[in-house]
Structures are given as C-alpha cells and as structure tokens.
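Side chains included, hydrogens not; waters and symmetry mates left out as well; all remaining heavy atoms used. Given the structure is predicted, the values throughout are model-derived calculations rather than measurements.
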Amino acid sequence: MLHCLSADHPSFKTLTFKSGLNIVLATRADDGKEKRKRAGELRSRNGAGKSSVINLIHFLLGGKAEGALTSPILAEWNFTLDVDVGIERLEVTRSVANARQVSILSPRFGIKNIQNAQWCKTLGEEWFKLREKRGNGDVTYRQLINYFLRRKRDGGFDNPTTTFRKQPVASSETALARLFGLDAELVRRLHQAKGALKQVKDAQKALAALEKNAAEGSKRADLEAQLEAEITSVKLGRDRLAQRIEAFNVLPAFRELERELAALNHDFRDLSDRDVIDQEVIDVNMRTLETEVFTDAPNIERLFEEARVIFPDLVTGRYEEVKRFHERLVTNRQSNLQSEISAAQLRIVNRQPLREQIEARRRRITQSLRASGPADELLRLRDELAERESELKQLEGRLQEARRLEARIDELEYEVEEAVRALRQDRRERSTIVDTASRTFSEISELLYERPGQLAISATDMGLRFLPQTPSDGSAGVMSMEIFCFDLTLAELAQRRGEGPGFIIHDSHLFEPVDGRQFARALQIAADFSKRTGIQYIALLNSDEIRRAEHESGISFADYVLPTKLSDTPDGGLFGIRFD
C-alpha cells in the first residue's frame, strides 16, 4: 500500500494515506456560480492537481515524467513516495532532472541509489513475481502496474481490458493472463506465432507483386504455380534460340573470337544473374522491412509535447509507450532483414570491377565481329539468349523464395494451431481460476446493480478474450462501472496469489458519467472491498461530486476524506504553484 507522497519544497501538499478507502478531495474557490457555468467548469478542477497525483505516483514507480512534471520549474524537485514493497516499507525518491537514478531508503539497508530500470525490475519481481523476459511480447512490469493506476489522458478509462489507446491485443491479453493467474506464456507464444505468420505472408505478397504476367480477368493461380508456368515458357523460348545459334555458321576467321565472346557472355550473364538475384533479395526484404518500421512522422513527438502544454486534458495519444512497444516487436526481424540487404548490396559492389573488365573485352571483340554480316545476326541472337537466361535465373530465384516462404507459412500455421490448442487446454485446466474470476466480478457488479454481471474468459484462435459485462439498466456510465468492477476483480485475484501492489487508484474521470446514487454505491463497495481484502483504494474526487453522491444516497463519506485537500486557487494545487 501507499503511505505518503511528499516533496522537498514547502509548497507541496503532502498526502498521507491510510489503509482502506482514501478520498483525495479537490475543491474550487467560490467565484460565483453563474461565472462558473459560463466557463463550463461546473465539474472541472483543472489546476487542482488530481491528475498530477497519478502522474507523480507513476513517476515514482518507474514511469516517465508526464503532464505538469515536464515543467522546467519542477525539474530539480525531489519527490518521495513511502510505499510497501514485499515485506519492507521503502521511501523512494526521484527527480525529473536525474530521472535515471532512484534513491531508496530501506530500514534494513539504509539509503541506496539504483538505476530506474533496476527499480522497475525490483517492483516487477516483488509485486508480480516477474523474472527474466522470455522474448519479445513478454509481459512487463509497466504494463501490469497500469491496470492499478489508470490515466484518462492515456485512454485508461476507454475499455476495461486496455490501459492506453491503440494498445495491441497481444499486450493486453498477455498482461491480463498474468494478472488473472492464467498462463501468459501460452498467450505470448500464440501472438508471436500469429505475428510471425503475418510477416511471412506480407513477404509473400511482396514477392507476388513482382509478377506481372498473370492473366487479367481470371483468378490468379498461386504464386508457385504461376512461377513454374512462366519458367516452362521461358525455357522453351531459350531452347529454341539455342538451337538456332547452334545451327548458325560464321566465317572461320572469326570462329576463335566468337568462342571467346561466348565464354565472356557466359561469365557476364553469370555475374548479371547473381546481381539480379541479389537485387531481388534486396527488393523483397525492403518491401518486408517497410512493414516492420514504426512509421509515425519524425516531428510527432514535438507536436505531442506542445499539445500536452496547451491542452493537457485533451491529448489522446500515448506516443512513447506505443512507439516503444512496436519497436520491441520489430527490432529482431528488422535487424535480420537489414543484414540480408547489406550483404546483398556488398556482393553487387564487389562484382562490379570484374563486370567492367568483361564488358570492355566484349566491346572490342564485338567491333571486330561486326565486320562480318552473319556475325551481326549471331550477336543479336546471343543477346536475346542472354536475356532469356537472365529472366530464367530471376524466375528460378523467385520460385525458390516462394517455396521457402510457403514452407515457413505451413510451419507457422501449425505453430498457431498448436498454440491455440494449448491455450484452450490451459483454459480448461485452470477452470477454477476462471470460475473464481467470473464469480468475483458477478458479486461486485451485483452490489452495484442488484443483478450480477458476467465476466467471460474464452480461449479462441484469436487469443485469450476477456469480456466483462454489467447488467444494462439504461443508466449512464456503464463502461465506467465495468472498469470499476473489472479492476477490483483483477486486484483481488492477484492479491489471493500474493501479488499486486496492494492498491488501486481511480480519479474523478471514472465517475463523471455515473449518477450520484450509483457513484455513492461504488464508493461504499470500494470501502467494504478494501476492508475485506486489505487492498487500499484511493479515489481522487471533486468536492461537488461527493456532495452529489451524499445528497442522492444519504451516505456520508467524510471519514474517508484525507485532511489535505487540493484546490484550484493559485497556491492550492498539489505543487502549491501555478505554471502559467
């Protein structure tokens, strides 16, 4: 659980937490009801610092500086969080100016300075029993902690199963499998196999796009069959030309030069063919590489930073986290593709000097042979034969690659089928966990709606699906209450296994669409939940929302409100200063 959030500046509003339900209240200076209505601020507390509380806790638990923390004014401030980690109560201190380093005060070991990456590793081990990553797509500590510390600016309140906008399905399913006590490794393997299969199929499409000879207006044959048919046709034309050349006669005086030219042509074709094959490798891999690259515009980060300064509550992206996730997925494949491209380019360059020597000698012999009329026709036939041979080499190279890709697709499709089979088997073997999760969700939602909701966890060929649903009674805020029930459920299941951070934090954005009576019921459920499970529940709320809930329900929450309150006055916010 969390005990205290503080800073080394006297203006900072220190927050001291307790076990159970904690309500951090934000109030507004009374500057006239009509004025507030005109400003559209009836339920807003911009500047009070509720979002900054969440951003700051994220920062002290290993996250990046976001929101107000990016202000230069706060760069040198040292922020401290008193938190339980395992069996110890630690004080972690961190500043934005030296964000890579974290200072840990431990009762056993005193003060120790460690890298932030090591701090995240420690939290992952202590809270979620994470060990070394097994590969790309494996669950990370930061993915897991986001489910206990959601943020509206990231899209954390858009869907129960995701914590940021455009979160890949593989990311959310792997994280939730870990939190619910299912086999996250099987989920990871399935999505890795599906991702690899997509990459190979994209490469196959890129190779197929090079084929221009498919009959229009008809259903195209598969790539291998199309290439085999083209090779047969080109071989026939090549053999016809070879027969004509074999029967062609030239003057005896030019026979020796003609033989030398034939040998040079053979060597030149061989070099050209190898160049063509290498260029084919480059083209196919470049096409595939394009699908592996994170393609956001270079200045998107600057735009996002400017947007955060100007519209801190309206930014809808989470560029850095999405960028890091996609970069991890493509790094290995990207490196392999780039290595193949570089090797092929080097081979082409190394062949250039020999190709120039052969071409110079060919020109001299050709000039001599063109003094003979019949030899001129022979040269034309030989050039045409060289073109056919080169075309044949290209087609055979494509056919070889097409067969390799097809074989790889067969392997990966089998891997996907096996992964789906294993995932379904694991789902059946862990039915007790699934039943417990469904029952817990139903019990919590029943307290809200007087009818139980449902949480279905299904293993399909698409992955491990988590489908929460609360009873539809026509009231607003159904999605918010699904998130509320879902978060309490996953926190309780993790806690039963001795995992989780021991707290859940929700801010007022989650409850804004909910009517006062249901809002009060949710807070009472959170209080009872915390008392029963020992999981601390922290709610960052607006004063008028509490009054609304108390008025409509007749329940008082005064005992849960922290003594330190935030406000939107110039010195009443979390940091005690304004940034404008």
Please examine the side chains of Asp544 and Arg547, heavy atoms only from C-beta on, and report whether any two atoms are closer than 4.5 Å. yes
With side-chain contact (heavy atoms from CB on, under 4.5 Å) as the criterion, how do Gln143 and Arg178 come out once you've worked through the C-alpha distance, each side chain's angles and the decisive distance to 0.1 Å? CA-CA 11 Å; Gln143 288 175 334; Arg178 187 70 184 79; over 6 Å; no
Drop me the distance from Ile505's CD1 to Lys50's NZ, to the nearest 0.5 angstrom. 14.0 Å
Non-hydrogen atoms of Ala491 and Ile535 that approach each other most closely: O-CD1, 3.5 Å
Taking ring-ring contact (aromatic ring centres under 6.0 Å, His included) as the test, write out the residues that go with Tyr141, two or more places apart. none
Under 30°, 30 to 60°, or over 60°: which ring-plane class applies to Phe484 and His506, parallel, tilted or perpendicular? tilted
For Lys129 and Arg497, run side-chain contact (heavy atoms from CB on, under 4.5 Å): C-alpha distance rounded to whole Å, both residues' side-chain angles, the deciding distance at 0.1 Å, then the answer. CA-CA 10 Å; Lys129 304 298 186 292; Arg497 301 192 311 275; over 6 Å; no
dist Ile546:CD1 -> Ile555:CD1 (nearest 0.5 Å) comes out at 11.0 Å
Kindly indicate whether the side chain of Phe575, heavy atoms from C-beta on, has any atom under 4.5 Å from the side chain of Phe79. yes
Around atom CD of Glu88, are there more than 12 heavy atoms from other residues, nucleotides or ligands closer than 6.0 Å? yes
Would you say Val53 and Leu566 make side-chain contact, with heavy atoms under 4.5 Å? yes
Arg521 side, atom CZ; Ser553 side, atom OG - distance, nearest 0.5 Å: 9.5 Å
With heavy-atom distances below 4.5 Å as the criterion, would you say the side chains of Thr489 and Glu443 are in contact? no
Is it true that a side-chain atom of Ser438 and a backbone atom of Leu455 form a donor plus acceptor pair closer than 3.5 Å? yes
Under 3.5 Å, side chain of Ser103 to main-chain N/O of Asn113, donor-acceptor pair present? no
Looking only at heavy atoms, which two atoms of Ile444 and Cys485 are closest? And how far apart? CG2-SG, 3.8 Å
So, for Arg165 and Lys152, which heavy atoms are closest and what is the spacing to 0.1 Å? NH2-O, 3.5 Å
Is there side-chain contact between Thr161 and Gln167, with at least one heavy-atom pair below 4.5 Å? no
Take atom NZ of Lys18 as the centre, draw a 6.0 Å sphere, and report whether it contains more than 12 heavy atoms from other residues, nucleotides or ligands. yes
Heavy-atom side-chain contact between Leu447 and Phe529 under 4.5 Å: no
Are any of the side-chain heavy atoms of Leu123 and Leu61 separated by less than 4.5 Å? yes
Between Ser172 and Thr162 the two heavy atoms that sit nearest each other are CB-CG2, 4.2 Å
Under 3.5 Å: donor-acceptor pair, side chain of Arg151, backbone of Gly156: no
So OG of Ser11 and CG of Leu574: to nearest 0.5 Å the spacing works out to 9.5 Å
Has the side chain of Arg94 got a donor or acceptor atom that lies under 3.5 Å from a matching backbone atom of Ala99? yes
Which residues satisfy the ring-ring contact (aromatic ring centres under 6.0 Å, His included) test with His9, sequence neighbours excluded? Trp77
When you measure from the side chain of Lys13 to the backbone N and O of Gly573, does any donor-acceptor pair fall under 3.5 Å? yes
So, taking the atom named OG1 in Thr440 and the one named CZ in Phe180, what distance separates them when rounded to the nearest 0.5 Å? 9.0 Å
Donor-acceptor contact present, side-chain Arg430 to main-chain Gly181, <3.5 Å: yes
So with a 6.0 Å cut-off around CZ of Arg439, is the heavy-atom count from everything else above 12? no
Leu60 vs Leu5, test: side-chain contact (heavy atoms from CB on, under 4.5 Å). Steps then yes/no. CA-CA 10 Å; Leu60 289 165; Leu5 180 65; 3.5 Å; yes
Could you tell me which non-hydrogen atom of Phe511 sits nearest to which non-hydrogen atom of Leu541, and how far apart they are? CD1-CD2, 3.8 Å
Looking only at side chains, do Gln425 and Arg428 share a donor and an acceptor under 3.5 Å apart? yes
Evaluate whether atom CG of Asp559 has more than 12 neighbouring non-hydrogen atoms of other residues, nucleotides or ligands under 6.0 angstrom away. no
Output yes when a side-chain donor or acceptor of Glu550 lies under 3.5 Å from a complementary backbone atom of Phe557, and no otherwise. yes
Just how far is it from atom CD1 of Ile23 to atom CD of Glu545, taken to the nearest 0.5 Å? 11.0 Å
Tell me whether Arg517 contacts the main-chain N or O of Glu552 through its side chain, where contact means a donor paired with an acceptor under 3.5 Å. yes
Keeping Asn116 on the side-chain end and Gly62 on the backbone end, is there a donor-acceptor pair under 3.5 Å? yes
Does the pair Asn22 and Phe503 meet the rule for a side-chain contact (heavy atoms from CB on, under 4.5 Å), with working shown? CA-CA 10 Å; Asn22 292 253; Phe503 63 81; over 6 Å; no
Say whether, by atom type as modelled, one donor and one acceptor occur between the side chain of Asp515 and the main chain of Gln518 under 3.5 angstrom. yes
Min side-chain heavy-atom separation Leu182-Ile457 under 4.5 Å: yes
Residues, nucleotides or ligands: over 12 heavy atoms within 6.0 Å of Lys531 NZ: no
Mind listing the closest non-hydrogen atom pair of Ala177 and Val187 along with its distance? CB-CG2, 3.9 Å
Only one of Asp84, Asp82, Thr16 passes side-chain hydrogen bond (donor to acceptor under 3.5 Å, both in side chains) with His3; say which it is. Asp84
